[in-house]
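We count ligands from 1, going down the list as the structure has it; atoms in each ligand are counted the same way.
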Amino acid sequence: MLNLLKTHFGFEQFRPLQEKIIRGVMGGRDGLVLMPTGGGKSLCFQLPALLLPGLTLVISPLISLMKDQVDALRANGIPAAFINSTLTRPEIARIQAEAQSGKIKILYAAPERLILSEFQQFLQKIQVSLIAIDESHCISEWGHDFRPDYLNLKMLRKIFPQVPVLALTATATPRVREDIVRQLSLEKAKIFISSFNRPNLTYMVLGKEDAYGQLLEILREHRQEAAIIYCFSRKDTENLAADLRAEGLDALAYHAGLENEERRSNQEKFIRDEVQIIVATIAFGMGIDKPDVRLVIHYHLPKSIEGYYQETGRAGRDGLPSKCILFYSAADAVKQQYFIRQIEDANERRNAYQKLEQMVAYGELATCRRRYLLEYFGEDYQQEKCEGCDICLSPPAEFDATVISQKIMSAIIRTEQRFGMNYIIDVLLGSKNRNILERGHQQLSVYGIVDDFSKEELRRIIGQLVSRKLIVKNGDGYPILELSPEGREFLRKREEIRLSRFAAVTKLSPVREAEGGYDRTLFEQLRRLRKQIADEQGVPPFVVFGDLALQQMALYLPQSEENFIRINGVGEEKLRKYGQAFMEVIQTHARENNLGEKSIPGKRSPMSRRVKREGSTYQETKKLVLQKMSLKEMAKTRGLTASTIVSHLEKLRNAGEEIDIDYLQLPPARFETIKAAFLKSGGMALTPVKEMLGDDFSYEELGLARLFMK
Ligand code: ADP
Ligand code: ZN
């Protein structure tokens, strides 16, 4: 399995749980996988698909995602296809025929296909070995993304009673999980729950005192990197995008109110690295799995922790360090409350208030934000400090909050524990609010007794008193502040208390880099090449290589196939397709800057083992060499091109195989010409030499000459 992982996907190791899940699937058992975004769910059905005899059917709700996934599989040399409404009838017929003949290993389909009788008939005719249900929370009405079409999936179990089902989702709530199990009859399924911690994400909260100025600073600091900025309303997204463009930043808006065409095009530009910044409402993100989003910024307060976690989850799917920044102000919370008040259903309203309060608490937290998020999802976070949130990275200073806490708590008692945070603050600050005057609360001794803290600061102090459980929030909707028994004790015994002082964070600490010290110039050159190749092939750049792969290339400067394949994400197919082009850029850069290849630590190369394996394609070629066949004859016998045969010879040589190829020597005059051209080109890449020598010399001849030069 490790071999398949490397040759087809280019990875060295399984991520936590992947191997267990795959073993379960291979054993024919149903499974339910709960893993955060970016955890590596796709591999859990894509790798078994290669091993299983029949076809793996993948149900996926988003048409745009299907294409990207299939492109990514094909780039890895895995026969995959999708069937959805974007295809014409003849195209569908062709794919179905291919699936029937066993040419396709992985077939993606949208859930609405399943009710078409045509499609059902097609299913009857194919051999299905595994059914994978992606985004399986879509089957639950409790989830945030219910899709009635998902109910059609029940039928799949009837058509294929013996075929194992693997349901996958990034939604962690128990209610949704139970629903998936029930709706898909997964009672016997093995359930895999991975940690929802995303260690490569740094969480931070900034005050809104100079939000726009700070936003600009952050975006300028991250100029070449993909960022999503979430805003409250459609109008906000358009205004902010226009403002950013006026500042010379590359930003586009995205929201549900845009014309289909514009929306699609803006999203496409983002995926294809043509625009760096998308300013969006929450409508954005579901339909993309761009792995290299480096920044997710919430310019306004989200409605719930679930939503926030989901949206921040779109950062750093490739595992590289990325930031999630929330601009927090109490005023935003008040705005949200205004909308919640319009909700008619009392239950729903109460629910919404509660969720908002949990979000507010996150914004006002004085303790580790990661811990708070994970505990929200019921996970026990063991570490004391996370090293990946603003609080842990630069703990806020403390101050003696005894007096101010006493004032706040007295105000709550004097107003008979009947009011929410804003009202209490108004009383403390001596507001002329009509409500206060009508109730006669300006007569209270606590009225206007605070003049050393602002409204915002008071909110944060109250937030901390709530998290210390001295004050509790209660009530059937808008949260009412009350004192807990501990709070009463605190007042009665005149205890002392220290709380965190919040200074507006002006400077963000720099992001940690996974492959620190990589060559930025080379990285940019490789990025440009990636973009160019991606455009030629009509795929998003990340389908060619991920950022991590490019960073490793820019760090280790691999210039031989042997080393190139050790880069993360480079499997055999990508080596064959792109290796040459990328190594040429690396070679040129290395030569111009006098840099050498660096060894890639702790990575095994599967190549030499493959080359040496009995019965491998290389050994077949070796047999022909032993018979002293010419290049042409070997190509003909094996049904391969002469260039491929030459590449086999190279691999056999590199793997230390003893083969005598002297009989394949070129005529001396031609060899000398080619050798001179190589020396002139200053590297060992074929293309520049070919360009120099023109059509008189074939690629395989150049390749052969290169072999003898070594
Ligand atoms: P999910 O569907 O869980 O959001 P994906 O399947 O899209 O996550 O995987 C996220 C990223 O992790 C992808 O870029 C994928 O190529 C990468 N990945 C998956 N498994 C591994 C692995 N074993 N080693 C390295 N990278 C991996
Ligand atoms: Zn932390």
Quick one: ligand 1 N/O to protein N/O pairs below 3.5 Å?
{"residue": "ligand 1", "atom": "3 (O)", "partner": "Gly39", "partner atom": "N", "Å": "3.4"}
{"residue": "ligand 1", "atom": "3 (O)", "partner": "Gly40", "partner atom": "N", "Å": "3.1"}
{"residue": "ligand 1", "atom": "3 (O)", "partner": "Lys41", "partner atom": "N", "Å": "2.9"}
{"residue": "ligand 1", "atom": "3 (O)", "partner": "Lys41", "partner atom": "NZ", "Å": "2.8"}
{"residue": "ligand 1", "atom": "4 (O)", "partner": "Gly38", "partner atom": "N", "Å": "2.6"}
{"residue": "ligand 1", "atom": "4 (O)", "partner": "Arg317", "partner atom": "NH2", "Å": "2.7"}
{"residue": "ligand 1", "atom": "6 (O)", "partner": "Lys41", "partner atom": "N", "Å": "3.3"}
{"residue": "ligand 1", "atom": "6 (O)", "partner": "Ser42", "partner atom": "N", "Å": "3.0"}
{"residue": "ligand 1", "atom": "6 (O)", "partner": "Ser42", "partner atom": "OG", "Å": "2.6"}
{"residue": "ligand 1", "atom": "8 (O)", "partner": "Gly40", "partner atom": "N", "Å": "3.2"}
{"residue": "ligand 1", "atom": "12 (O)", "partner": "Arg15", "partner atom": "NH1", "Å": "3.3"}
{"residue": "ligand 1", "atom": "12 (O)", "partner": "Arg15", "partner atom": "NH2", "Å": "3.1"}
{"residue": "ligand 1", "atom": "20 (N)", "partner": "Gln18", "partner atom": "NE2", "Å": "3.0"}
{"residue": "ligand 1", "atom": "23 (N)", "partner": "Gln13", "partner atom": "O", "Å": "2.7"}
{"residue": "ligand 1", "atom": "23 (N)", "partner": "Gln18", "partner atom": "OE1", "Å": "3.0"}
{"residue": "ligand 1", "atom": "26 (N)", "partner": "Arg15", "partner atom": "NH2", "Å": "3.3"}

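Salt bridge absent: Lys290 and Asp68 never bring a charged side-chain N and a carboxylate O closer than 4.0 Å. A salt bridge links Arg530 and Asp273; the closest N-O separation between the charged side-chain nitrogens and carboxylate oxygens is under 4.0 Å.
Taking the Zn ion (ligand 2) as the corner point, the angle from Cys368 atom SG to Cys389 atom SG is about 120° (rounded to 10 degrees). One finds an angle of 110° at the Zn ion (ligand 2) between SG on Cys392 and SG on Cys386, to the nearest 10 degrees.
When ring centroids are compared, Tyr299 and Tyr230 stay outside the 6.0 Å threshold.
Side chain of Arg294 to main chain of Lys323: no donor-acceptor pair is present (N/O by atom type, distance under 3.5 Å, no hydrogens or angles). Within the 3.5 Å criterion, the main-chain N or O of Ala80 finds a donor-acceptor partner in the side chain of Arg74.
Counted within 6.0 Å of NZ on Lys190, heavy atoms from surrounding residues, nucleotides or ligands total 12 or fewer; the atom is thus considered open.
Under the side-chain hydrogen bond (donor to acceptor under 3.5 Å, both in side chains) criterion, Glu178 pairs with no residue at all, not counting sequence neighbours.
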